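First the structure, in the form of C-alpha cells, and then the observations on it.
As the structure is a computational prediction, the values presented were derived from the model and not from experiment.
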Amino acid sequence: MRIARFSLDGNVAFGVVEGDPSAQEGPVLDIIKGHPFAEFERSGQKVPLSKVRLLPPVLPSKVVAIGRNYAEHAAELGNEVPDLPVAFFKPSTAVIGPGDPIAYPSFSNELHHEAELAVVIGRMCREVPRERVRDVVLGYTCANDVTARDVQQREIQWARAKGFDTSCPLGPWVETDLDPGDLGIMCTVNGEQRQLGRTSDMIRSIEDLIVHVSEAMTLLPGDILLTGSPAGVGPLNVGDEVAVTIEGIGTLTNKVIKRG
C-alpha cells in the first residue's frame, strides 16, 4: 500500500492512498488511526488527495546516504568504485516534502540533482542479519540527494555539501508492497530527462547496505537509507523544476528557489 503523511486544516496525519493518481477523479486518502510503524486501522474517513498538503512521508532521526553505488555515476565524476560503501549523513533539517522548494545555498555556485531510491526503516534495529533485512523495512520512496558539487570537491567532509537545509527532498509517499531489485529511476529538469537508470545496476544491494550500516548504528523507525544515484547528475539553477520518478512509487517534484 501507499502511505502518505499530510496536513489538512492545520492537522497532520497519515493516510492510505487509494485510487489511481492519474485518474480524472483523483485518488483519496483513507486516514489511519495511529501511525504506520505499528499495527493500525483505517478510519474510513476519506479526503481527496487534491485537498491536502503532502508532507515528507516520514520525519527521520537521521538520513544515512551511500555514495558511488552506481559504477557509471562514480565514473562520470572521475571516481573509482570504492572497496567498501561510502556512507555519509544528511541531518533531519535537510528533509523536505513534495512541492517544497529547494533553497539554493548561498555558499555554492554548482548545485546538482541526484535521483535515488530511499529505503524507509520500519522498526528499531541493530546488527541486522541479511536474512532479516526485509523485516526491518517499512517501504520505499523517492529521494533527491541535492548536492553542492563545488563544495563537495573542495572540502574533505561532505557535511555542508550534502547536508544543507532543503537538500533532501522525499516523497510523495511510502510504497510498502514493492520489490526494489529492478526499478526504473528517472530524473527530469524542466521536463527534460537527465538521469535514467535501474536499481539492478547498484553495486551493492539494499540487503548489503542495511547490514553494513546497522553494524555501526541503531536504526530507528522512520530513518532513511539513500541507496546511491545512477549516472546523469547535473546542474540545477534557480527557477528549475526537478522531478524524480521511480517505477512503482511515483514522482517527487520540487522547484529551486533563491535562498532568502
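Within the 4.5 Å cutoff, no side-chain heavy atoms of D223 are placed close to those of V63. Taking the side chain as every heavy atom from C-beta outward, V95 and I224 never approach each other to under 4.5 Å. Contact annotation: the side chain of S205 never approaches that of L209 to less than 4.5 Å [non-hydrogen atoms, C-beta and beyond]. When side chains are defined from C-beta on, E110 does not count as touching Q152, because their heavy atoms never get closer than 4.5 Å. Contact annotation: the side chain of F89 approaches that of V64 to within less than 4.5 Å [non-hydrogen atoms, C-beta and beyond]. For the pair L219/V136, no side-chain contact is recorded, criterion being any heavy-atom separation below 4.5 Å from C-beta on. Here the side chains of T166 and V146 are not in contact, with every heavy-atom distance at 4.5 Å or above. Here the side chains of T251 and C142 are not in contact, with every heavy-atom distance at 4.5 Å or above.
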TODO: Would you sort out whether L196 and I185 count as a side-chain contact (heavy atoms from CB on, under 4.5 Å), showing the intermediate values?
DONE: CA-CA 6 Å; L196 186 64; I185 301 179; over 6 Å; no
TODO: Let me see the working for V17 and I3 under side-chain contact (heavy atoms from CB on, under 4.5 Å), right down to the final yes or no.
DONE: CA-CA 6 Å; V17 182; I3 301 175; over 6 Å; no
Open item on the list: Does L117 form a side-chain contact (heavy atoms from CB on, under 4.5 Å) with I206? I'd like the steps, not just the answer.
Closed with: CA-CA 10 Å; L117 175 69; I206 290 169; 3.9 Å; yes
TODO: Report the C-alpha separation of N254 and N144 in whole Å, then their side-chain angles, then the decisive distance to 0.1 Å, and conclude whether the side-chain contact (heavy atoms from CB on, under 4.5 Å) test is met.
DONE: CA-CA 9 Å; N254 302 89; N144 193 344; 5.6 Å; no
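Atom CZ of R204 is separated from atom CD1 of I66 by 9.0 Å, given to the nearest 0.5 angstrom. Interatomic distance, CD1 of I121 versus CG of L220, reported as 9.5 Å (0.5 Å rounding). With rounding to the nearest 0.5 angstrom, the CG atom of L252 is 7.0 Å from the OG1 atom of T141. Atoms OG1 and CZ, on T93 and F164 in that order, are 11.0 Å from each other to the nearest 0.5 Å. Summarising the geometry, atom CZ belonging to R259 is positioned 13.5 Å from atom CD1 belonging to I102; distances are rounded to the nearest 0.5 Å. Remark: D150 CG to F107 CZ distance equals 9.0 Å, nearest 0.5 Å.
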Anything under 3.5 Å between a donor and an acceptor, one on a side chain of residues 48-60, the other on a protein residue two or more places apart or in another chain? List them.
residue : atom : partner : partner atom : Å
R53     : NH2  : D100    : OD1          : 3.1

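The hydrophobic clustering, which links ILVMFWY residues whose side-chain heavy atoms are closer than 4.5 Å, places V119 and M217 together. Following chains of ILVMFWY side-chain contacts shorter than 4.5 Å, one cannot reach V12 starting from L29, and the two form parts of different hydrophobic clusters. F37 and Y140 sit in two unconnected hydrophobic clusters of ILVMFWY residues. Membership requires side-chain heavy atoms under 4.5 Å apart, directly or through other members. A continuous path of hydrophobic side-chain contacts links L170 to L138 [ILVMFWY only; heavy atoms under 4.5 Å]. Under a hydrophobic-cluster definition in which Ile, Leu, Val, Met, Phe, Trp and Tyr are linked whenever side-chain heavy atoms come within less than 4.5 Å, directly or via other members, V47 and W173 are assigned to the same cluster.
A donor-acceptor contact closer than 3.5 angstrom is absent between the side chains of H112 and E114. Under the 3.5 Å distance criterion, with hydrogens and angles disregarded, a donor-acceptor pair is assigned to the side chains of R194 and H113. Checking S167 against K90 by side-chain atom types alone, a donor-acceptor pair falls below 3.5 Å. Side-chain N/O atoms of K33 and S43 include no donor and acceptor closer than 3.5 Å. When only modelled atom types and interatomic distance are considered, T253 and E241 share no side-chain donor-acceptor pair under 3.5 Å.
Taking all atoms of both residues into account, the shortest heavy-atom contact from I31 to A13 is CG2-CB, 4.2 Å. For the residue pair E76 and P230, the shortest heavy atom distance occurs at OE2-O, 4.2 Å. When all heavy atoms are compared, the tightest approach of Y70 to T227 is CE1-O, 4.1 Å. Here the closest heavy-atom approach between residue S108 and residue A148 is recorded as OG-CB, 3.5 Å. Considering every non-hydrogen atom in both G239 and N190, the closest pair reads O-OD1, 4.2 Å. When every heavy atom of A143 is checked against every heavy atom of L226, the shortest pair comes out as CB-CD2, 3.5 Å.
With a 6.0 Å radius and a threshold of 12 heavy atoms from other residues, nucleotides or ligands, E39 has its CD atom at or below the threshold. In K255, the NZ atom is not crowded: 12 or fewer heavy atoms of neighbouring residues, nucleotides or ligands sit closer than 6.0 Å. No more than 12 heavy atoms of other residues, nucleotides or ligands lie within 6.0 Å of CD in Q45, so this atom counts as exposed by the packing criterion. Heavy atoms of other residues, nucleotides or ligands lying less than 6.0 angstrom from CD of Q193 number more than 12.
Judged by distance alone, with hydrogens and angles left aside, the side-chain atoms of T176 form a donor-acceptor pair with the main-chain N or O of M1 at under 3.5 Å. Side-chain atoms of T199 come within 3.5 Å of backbone N or O of D182 as a donor-acceptor pair. Using a distance-only test at 3.5 Å, with no hydrogens or angles considered, no donor-acceptor pair links the side chain of D240 to the main chain of V242. E80 contributes no side-chain N or O that, together with a main-chain N or O of P82, makes up a donor-acceptor pair within less than 3.5 Å.
Contact check on K162 versus D145 returns a salt bridge, with a Lys/Arg side-chain nitrogen under 4.0 Å from an Asp/Glu carboxylate oxygen. Electrostatic pairing of E207 and R132 does not count as a salt bridge here, judged by no charged N lying under 4.0 Å from a carboxylate O. Contact check on R198 versus E247 returns a salt bridge, with a Lys/Arg side-chain nitrogen under 4.0 Å from an Asp/Glu carboxylate oxygen. By the 4.0 Å N-to-carboxylate-O rule, D208 lies close enough to R130 to be salt-bridged with it.
Tested against S229, the residues E116, H73, Q195 include a single side chain to side chain donor-acceptor pair (under 3.5 Å) partner, Q195.
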